[in-house]
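Note: hydrogens, waters and symmetry copies are ignored here, and every other heavy atom, side chains too, is used.
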Amino acid sequence: GSNQRGTKARFLRDYCQERGVVYCRFDYAGHGESHGRLTDFGISTWLRDVLFVVDQIRATTHMTEEREDSRSNDDDGGNL
């Protein structure tokens with residue numbers, strides 16, 4: 001499976017750094033360096049993981065709901 005130290009994650013890290021793009025990576029519960037086994041978790045746990053990460057980003061940056069909304073309507077397709 002994919003994890004935050006794998007080939008894809010390192011490629012994305014380098015790709016973003018070369019372009020000055022901020023990014024975030026983490027392992028879902030049961031993946032990579034996280035606790036537990038993959039079979040111990042499901043989509044609801046992984047959704048909580050994502051929401052926790054988003055909350056942490058919001059708490060430590062100047063990201064707001066308004067800023068997200070305005071960026072998602074950009075002409076470039078709104079990729080965040």
Side-chain angles (χ1 to χ4, degrees):
S2 186
N3 65 67
Q4 69 171 319
R5 296 194 190 278
T7 304
K8 287 183 277 186
R10 289 191 318 266
F11 171 82
L12 288 171
R13 175 200 61 204
D14 296 344
Y15 182 89
C16 290
Q17 285 178 344
E18 289 169 5
R19 289 159 179 77
V21 175
V22 176
Y23 72 102
C24 174
R25 63 183 177 183
F26 64 95
D27 290 331
Y28 288 103
H31 290 265
E33 296 179 18
S34 68
H35 68 283
R37 296 176 304 169
L38 177 64
T39 56
D40 294 336
F41 303 99
I43 193 74
S44 60
T45 303
W46 300 323
L47 174 61
R48 280 194 306 267
D49 288 350
V50 170
L51 295 176
F52 176 80
V53 170
V54 169
D55 286 345
Q56 294 302 303
I57 291 169
R58 283 187 177 141
T60 59
T61 66
H62 299 291
M63 178 183 262
T64 65
E65 297 269 345
E66 179 180 316
R67 183 172 172 198
E68 287 176 7
D69 290 344
S70 67
R71 289 183 69 191
S72 67
N73 291 322
D74 289 345
D75 291 335
D76 67 356
N79 295 326
L80 297 177

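Here CZ of Arg25 is found 13.5 Å from NZ of Lys8. Values are rounded to the nearest 0.5 Å. Separating the CG atom in Asp14 from the CZ atom in Arg19 is a distance of 10.0 Å, to the nearest 0.5 Å. Between the CG atom of Leu12 and the CD atom of Gln17 there is a distance of 11.0 Å, given to the nearest 0.5 Å.
Between the side chain of Asp40 and the backbone N or O of Arg37, at least one donor-acceptor pair lies under 3.5 Å. Here the side chain of Thr45 pairs no donor or acceptor atom with the backbone of Phe41 at under 3.5 angstrom.
More than 12 heavy atoms of other residues, nucleotides or ligands sit less than 6.0 Å from atom OH of Tyr23.
A continuous path of ILVMFWY side-chain contacts below 4.5 Å connects Val53 to Trp46, so both sit in one hydrophobic cluster. Connection of Ile43 to Leu38 is established within a shared hydrophobic cluster, with ILVMFWY side chains joined at heavy-atom distances below 4.5 Å, either directly or through further cluster members.
Inter-residue side-chain proximity for Cys16 and Val22 is flagged as unmet; no heavy-atom pair is nearer than 4.5 Å.
Cation-pi geometry between Arg13 and Phe11 is not satisfied (NZ or CZ under 6.0 Å from the ring centre, within 45° of the ring normal).
The shortest heavy-atom contact between Tyr28 and Asp49 is CA-OD2, 3.4 Å.
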